[in-house]
Amino acid sequence: MIAKLAPLALAGVIGGAILLGCSPAATPTPAPTATPMPTATPTPLPDPSPQDYVERGEYQVGSRALYFHDPNRPFDGWNARHASDGYQAMLAEINAAGERQIVAAHIWYPVEPGDATRAATFGDFGQSRSPVFTNAYGQGSLGFLGGLVSEDGSPPNFSDRAALTAIAGEAQKRIVNSLHQAPIAAGRFPIIIAAHGLGGNSLMWAGFAEYLASRGYVVVAPSFISDSALPNVLDSPDSQYAAAGQEGIDRAYRTILGEFKVIPGFYKYFFGYEGSIGFDGAPGAGNLEAVPGGGQRVGEMMGEFFTQRVDDVETIIDGLASLDQGGGACASDYTGRGQPAHGAEVCDLFSGALDMERIGILGHSLGSMTAQFSVARIDRVLAAVGYNNGPPRYWEPPGIFGDGAAADGQPAGAPKPVMQIHGSEDAFVQGVFRGLMWNALSAAGGDPEEIWTLEQERVLPTDENPQPVARNAYNRATGDKAVISVKDTHHGSLTDDFAALFSEQNPITAGGKRYWVAAGPVPRKAVGEDALNPSFQGQPYTPLGWGEVGGSEVYLPTFIRNYYTRNWFDYYLKGDESALRFTENPVAEQGVLDVRIELPGR
């Protein structure tokens, strides 16, 4: 049996951060005290076996690509305003060809047990009319194999063609375990939209989506053109620009896939810097000078960014409604928002199977913010779950949360059920919010308090409050809400299913040797005054991995994510009262550090 836990305080020493300069210390305020958790039943509800949260359910899983068109919006209007000059020129050419917004996605859904449709392959997810995209997909999606090591610490010999083929083949089989374009099972299933973070794509959700689909959900994961590293939008069979010919498609993909998004805009508007920037490279704080009004411009840029993303989510939902109606409502001449591509090919595949009254959304990082904005703006979205990020006030699309106030007097946040799950060692988020947008901005002569207008967003990170912006998004939410802090997990821990698939417990064998992706150690991020020291180096720690829960050995980040996420959606989308077990039975003592839950709707 899984032991019941009371809410725990975060414990342990946390250090280290990605810092770009320094600034005067902000005065911390005490972390808010959680409202006592409401009791769903007089006694704790029994949990299923721990394996129920990591193993497949009753259904097999089908998958396929889908494309949704919105004829009422330009193609990638956000980057047309904020990307580089070369990128904007490419977008002008695409729009001049008559292209309008396209949302590329993959869908996973329940399939009847015993269905004999062929297994989906890794290549099905990267299939493209352009070799430029196909090559980028292979390199980007399997790049983690470069981190493989053997028992003696040596990497595989990738010059050995046989070893490379064996390792890549096994990796692809583990990543994709669905049936290609299989017929959906009988029934009517709730829907979950899965929104990636900066540079992500739909494939990152494959393992989690397969798990949820096997448990009776339809999962749709877009690759947002705004910032995905692999948005295969021009592979829509209804793409207007693609009809112009192969040379144009290849040239467009070279531009789309070759530009890093979002973060260069921070440097452009904050500091007037328009040089090369990537995940691993940016100018030092000593070389920057703040531009007057730059913070306001960044806020406007991010508000427009999330407006486009939420519009894309709504386009998907409208397209799914059309697919659910099937027949004439889904014909190729359909001209409403959310037009599904493929015409008659897909119009009867999901007819009557998509429950448009039960829709949720989950997301990682920028996708977590997308989820929280979507649940506020889109009436049909009932509940959200976000991993490793909450929206800062100054990034909000204007009026997205209305004019009300939260219980503590702050501007109101999300009005419907939102759960956040975040890691205690998220150095990436801290590097952006504290390192770049406070320390570096201050060192460059800017005033961070002009953008961080809410006191609880300005506090320094602490052991008890490792992500102040995400915690304050919880404080501001006015509907049912929960925030779960997970020990020794970084920015990608909760969404990186590859970490379990290729861990030492699940090695790949090639040439008589066993290989796996090493899990650490990595330095802890900074807390308190250390977050103001750009040279601070935290003590090394090994990220949370395998552990025992209820007598079963499970990969803890995946187990914790699945436990809380599935119970949240089982309650709010399926109406399963027993799913409220998560309010009574917090799990995995060695992983869950802090649980705060308030359900005023109960």
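No experiment lies behind these values; they were computed from the predicted model shown.
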Exercise. Return each pair, listed once, that meets salt bridge (charged side-chain N to carboxylate O under 4.0 Å, His left out) where at least one residue sits in residues 438-449; pairs must be two or more places apart or across chains.
Key: none
Between [Y] and [X], is there a salt bridge with N-O shorter than 4.0 Å?
X: E455; Y: R458; answer: no
X: R393; Y: E457; answer: no
X: R514; Y: D152; answer: no
X: R476; Y: E396; answer: yes
X: D480; Y: K416; answer: no
X: D594; Y: R596; answer: yes

Do [X] and [Y] have a side chain donor and acceptor closer than 3.5 Å?
X: Y53; Y: R561; result: no
X: R309; Y: T370; result: yes
X: Q308; Y: N79; result: no
X: Q505; Y: W546; result: yes
X: S368; Y: Q420; result: no
X: Y387; Y: T565; result: yes

Side chain [X], main chain [Y], donor-acceptor under 3.5 Å:
X: S202; Y: S223; answer: no
X: H364; Y: H491; answer: yes
X: R174; Y: N506; answer: yes
X: E259; Y: S84; answer: yes
X: W78; Y: M301; answer: yes
X: S424; Y: D488; answer: yes
X: N439; Y: L532; answer: no
X: S228; Y: L230; answer: yes
X: R297; Y: P292; answer: no
X: N201; Y: P231; answer: no

Verify whether the ring centers belonging to [X] and [Y] lie closer than 6.0 Å.
X: F433; Y: W438; value: no
X: Y269; Y: H82; value: yes
X: F266; Y: W395; value: yes
X: F125; Y: H106; value: yes
X: F502; Y: W516; value: no

Might you point out which heavy atoms bring [X] and [Y] nearest each other, and give the distance in Å?
X: G423; Y: T489; value: CA-OG1, 2.9 Å
X: K268; Y: A83; value: NZ-O, 4.2 Å
X: A473; Y: G390; value: CB-CA, 4.1 Å
X: D227; Y: G197; value: OD2-O, 3.5 Å
X: S226; Y: D76; value: CA-OD1, 4.0 Å
X: L91; Y: A80; value: CD1-N, 3.4 Å

Quiz item: Under a 4.5 Å cut-off applied to non-hydrogen side-chain atoms, are D311 and F306 in contact?
Solution: no
Quiz item: Going by the angle between their ring planes, with limits at 30° and 60°, are F582 and Y564 parallel, tilted or perpendicular?
Solution: perpendicular
Exercise. Report the C-alpha distance between L544 and Y555 in whole Å, list the side-chain angles of each, state the deciding distance to 0.1 Å, and finish with yes or no for side chain to side chain contact (heavy atoms under 4.5 Å, CB included).
Key: CA-CA 8 Å; L544 187 69; Y555 187 71; over 6 Å; no
Practice problem: Name all residues meeting the side-chain contact (heavy atoms from CB on, under 4.5 Å) criterion together with V291; count only those two or more places apart in sequence or in a different chain, and write none if there are none. | Solution: none
Quiz item: Got more than 12 heavy atoms from elsewhere within 6.0 Å of CG, D403?
Solution: no
Quiz item: Given the rule in the side chain to side chain donor-acceptor pair (under 3.5 Å) test, do N475 and Q410 qualify, once you have shown the distances and angles that lead to the verdict?
Solution: CA-CA 9 Å; N475 295 339; Q410 295 190 90; over 6 Å; no
Self-check item: Reference residue Y474; test side chain to side chain donor-acceptor pair (under 3.5 Å); the match among H422, E598, K481
Solution: E598
Self-check item: Derivation of the ring-ring contact (aromatic ring centres under 6.0 Å, His included) call for H196 and F224
Solution: CA-CA 8 Å; H196 63 74; F224 294 110; 5.2 Å; yes
Practice problem: Supply the atom-to-atom distance N472 CG to Q456 CD, rounded to the nearest 0.5 angstrom. | Solution: 4.5 Å
